[in-house]
Number of protein chains: 2
Amino acid sequence: MSADTRTKLLAGALATLTGQGIAKASARSIAAAAGVNQALVFYHFGSVDELLSAACRYGAEQRVAVYRERLGAVRSLGELLDLGREMHTAERASGNVAVLAQLLAGAQTQPRLAPATAAGLALWTDEIETVLERVLADTPVAGFLDVAGLARAVASAFVGLELYEGVDPEGAGRALDALDQLSALVNVLDELGPVAQRAVRARLRRSARRPPVRDRP
Amino acid sequence: MSADTRTKLLAGALATLTGQGIAKASARSIAAAAGVNQALVFYHFGSVDELLSAACRYGAEQRVAVYRERLGAVRSLGELLDLGREMHTAERASGNVAVLAQLLAGAQTQPRLAPATAAGLALWTDEIETVLERVLADTPVAGFLDVAGLARAVASAFVGLELYEGVDPEGAGRALDALDQLSALVNVLDELGPVAQRAVRARLRRSARRPPVRDRP
DNA sequence: GTCTATAATACGATAGAC
DNA sequence: GTCTATCGTATTATAGAC
């Protein structure tokens, strides 16, 4: 059965990326993980890069679907942060963020991997953006923050923390705790009372007129 | 001259990591980039992993030294953010953050790379921590934020953004702009007036009593 | 669709001449 | 310290039997 072998190869690619890393993700090791013949990689996908690209979409779609319902139920920043921590540990265990991290590293010097990696990450940023839009709607920052940009920053930081955790688990734990503390700051703003809120809003409007320094062309 | 060859190999390793990625960082390609014989990798460093580890320290020490003086002159959060953006583009061009990103990706599945990678990253987090400690000293968050943890989060996010920029430069630009906007929020807090500041401080003290949820053992 | 066999290339690592 | 030469292995990719 062709479809079955394709699926085995996709799952094998994901398992190899998490367990062996992009440097060892060869046609042979992937086929071994999938339990199929090495030549089938090229028959079904043409090249290792195309298999990795397909596996990226496959894995991201699977994992995002798992969380879509729960993300849709989030109503406050606090709830979002709790879910974020839970997702962090769950995805670290299942190895899906690790897949994205390995492909991102590979895509830096292998442009053929870039489109699929960007698409896989986009599945996550789109979900995050929807939730952030809803959760931040009633806060003073609504209208001033580029929520789509913030969602991309959050996803990037997620990947960076995952990589950092691999070499310094204790430091990564401290980093996550610090981000929790930082988010408490936003919560504080949200419960500050109308007078102070107006002051914040006015101050934000003023600083919004002088846009931040850019260093891109 | 032995020292000269060693240095050539270290520089060659860094150039190969940025230009070819961890997947192609072999003794042969590194030696080619360094302009020396392939066998010298093993004579001077014993193995490719040990050369990569040494190169990580070498590169991080070099780049951190470049910024130490300027980081020491930073007195406000705004100045720090401007310098941060400048460092982001400069390091992206010089390829040093890319080296850390590639080694972090490799270290996930090659534990021999982990200690040196963690040490290289620690050089950056230590610097960031010192500056953050000074800059945040007069803000309401002083005493509530774990600055060391925050420094690690910042460094991780830096790496994550670098990787993301490689597959979606426009999205990465939006993410950086959103972080600028977010930091404006902290600036606002800092210039809020004594009454509101006291309210923030009190509210932070309350939320500090109920520490954030942890998901680590 | 799946297998074996194979070609051409690249790899880590070492032995030994200089 | 540096070089050449080399062993054994792993790689991508294809040709052809079944």
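Chain identifiers are assigned alphabetically (A, B, ...) following the order of the sequence lines, protein sequences preceding nucleic acid strands; residue numbering begins at 1 within each chain. Scope of the values below: all heavy atoms of this structure, side chains included, with no hydrogens, waters or symmetry mates.
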Checklist outcome for this item: Among dG12(C), dT2(D), dT2(C), the one nearest any side-chain atom of His44(B) is dT2(D)
Next on the checklist: Regarding Val48(B), tell me which of base, sugar-phosphate or nothing describes its non-hydrogen contacts under 4.0 Å with the strands shown.
Outcome noted: sugar-phosphate
Checklist outcome for this item: Rounded to whole Å, the CD-C1' distance (Gln38(A) to dT14(D)) equals 10 Å
Checklist entry - CD/Glu86(A) to CD/Glu91(A) distance, rounded to the nearest 0.5 angstrom? => result 10.5 Å
Checklist outcome for this item: When Gly46(A) and Arg28(B) are each assigned the nearest nucleotide of DNA chain D, the 5'-most assignment goes to Arg28(B)
Checklist entry - Please give, in whole Å, the distance from dA10(C) C1' to Lys24(A) NZ? => result 14 Å
Checklist entry - Near DNA chain D, under 4.0 Å by heavy atom, which residues of residues 9-16 of chain A? => result none
Checklist entry - Taking Gln110(B) for the side chain and Gly106(B) for the main chain, is one N or O donor matched with an acceptor at less than 3.5 Å? => result no
Item to check | Nearest-angstrom distance from the residue atom CD1 of Ile22(B) to P of dC11(C) | outcome: 14 Å
Checklist entry - Among the nucleotides dT11(D), dC3(C), dC3(D), which one has an atom lying closest to any side-chain atom of Ser26(A)? => result dT11(D)
Item to check | Closest contact, heavy atoms only, Leu14(A) versus Gly59(A) | outcome: CD1-CA, 3.8 Å
Checklist entry - Which nucleotide in the set dC3(C), dA13(C), dT2(D) lies at the smallest distance from any side-chain heavy atom of Asn37(A)? => result dC3(C)
Checklist entry - What is the distance from OH of Tyr43(A) to P of dG16(D), rounded to the nearest Å? => result 17 Å
Item to check | Interatomic distance where CD belongs to Glu50(B) and P belongs to dG12(C) [whole Å] | outcome: 14 Å
Item to check | Spacing between Phe45(B) atom CZ and dG1(D) atom P, to the nearest angstrom | outcome: 12 Å
Next on the checklist: So if I take every side-chain heavy atom of Ala39(B) and compare against dT14(C), dT4(C), dA13(C), which nucleotide ends up nearest?
Outcome noted: dT14(C)
Checklist entry - Does the distance from a Lys or Arg side-chain N to an Asp or Glu carboxylate O, for Asp177(A) and Arg85(A), drop under 4.0 Å? => result yes
Checklist entry - Could you walk me through whether Leu103(A) and Val167(B) pass the side-chain contact (heavy atoms from CB on, under 4.5 Å) check? => result CA-CA 10 Å; Leu103(A) 287 174; Val167(B) 303; over 6 Å; no
Item to check | Heavy-atom closest contact (Gln102(B) atom, Gly21(B) atom, distance) | outcome: OE1-CA, 3.5 Å
Checklist entry - Between Phe42(B) (CZ) and dG12(C) (C1'), how many Å, whole number? => result 5 Å
Item to check | Residue pair Thr109(B) / Thr18(A): nearest heavy atoms and the distance that separates them | outcome: CG2-O, 3.6 Å
Checklist entry - The side chain of Leu40(B) lies closest to which of these nucleotides: dC3(C), dT2(D), dG12(C)? => result dT2(D)
Next on the checklist: Side chain of Thr5(B), heavy atoms from C-beta onward: which of dG1(C), dT14(C), dT2(D) has the nearest atom to it?
Outcome noted: dT2(D)
Item to check | Rounded distance in Å - CD (Gln20(A)) to C1' (dA10(D)) | outcome: 13 Å
